[in-house]
Amino acid sequence: MTLLFDTHSHLDSHKYDADREEVIKRARDAGVHMLVNIGFNRETIPSTMALAEQYDFIYAAVGWHPVDSIDMLPEDLEWIERLCAHKKVVAIGEIGLDYHWDTSPKDVQQRVFREQIRLARRLKKPIVIHNRDAHEDVIRILREENASEVGGVMHCFSGSWETARQCLDMNFYISFGGPVTFQNAKVPKEVLKQVPLDRILIETDAPYLAPHPFRGRRNESAYVVKVAETAAELLGKSVEEIGAITTENGKKCFGIV
Ligand SMILES: [Zn+2]
Ligand SMILES: [Zn+2]
């Protein structure tokens, strides 16, 4: 049986309120044996922690999303720090920059991003990076804040090979999601082929970014198999091999033994 590690999911989302248990069961049936759920603001951090406590195979990452950075108070950073002591919390994230939405000004996003990188270095936790339309500033801040000390994941990577290479140099894993499965996704497919095998991760970002042929619909963790199939095809490997390789990578990245 194929075993898969979905390294980025939001199964606590309200989009699953009507059928969350079935969604989780379908993920299990599809071979998802490890999953990191991401809590990224005041509302989703508690619901992420609840899922991680309820299900053995679900781990948690907690952080403050750039879109919500305008709302982050000093006590929120302390809250994240306290949660990092929980045995199921494997990373700080998702954190980063999002220049697509303008709910939080760029300077606020950058300050909150830097504060969380510093916290991660102090606690020796990997970080999960969200980057939308902000490649240059993300790379610059990761470098200025010595993020290579902790490394982590570039989640749902959408950049060029040049950007990927810079992230690899700073000890980051490159995670591919639904968009790499789209037929017109030339650049992500090329990047996936160039990333060293021991640095590739797969994810869904469910309920967002459903892979082909579910594009535009609600995504779910079971569909991570579609990302694994695309990677298998591009790399000339079996889906089982991709599942095993990305599971090993994910365990190493998040320090799961
Ligand atoms: Zn994200
Ligand atoms: Zn996400």
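We're numbering straight along the sequence, starting at 1. Ligands are counted one by one from 1 in listed order, and the atoms in each one are counted from 1 as well. Note that the structure is predicted; figures quoted are calculated from it, not measured.
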Quick one: does [X]'s side chain have a donor or acceptor within less than 3.5 Å of a partner on [Y]'s backbone?
X: T247; Y: G243; result: yes
X: R199; Y: I174; result: no
X: R20; Y: S13; result: yes

ask   = Near the Zn ion (ligand 1), which protein N/O/S atoms fall under 2.8 Å?
value = E94 OE1, H130 ND1, H155 NE2
remark   = Among N, O or S atoms, H10 approaches the Zn ion (ligand 2) most closely through NE2
query = When you check the gap from the basic side-chain N to the acidic O, do K25 and E22 get nearer than 4.0 Å?
reply = no
inquiry  = So that I can tick it off, tell me whether D137 and R140 are bridged by a salt bridge, with the cut-off set at under 4.0 angstrom between side-chain N and carboxylate O.
reply    = yes
task = Applying side chain to side chain donor-acceptor pair (under 3.5 Å) between H10 and each of D205, T44, T48, N37, report the one that passes.
result = D205
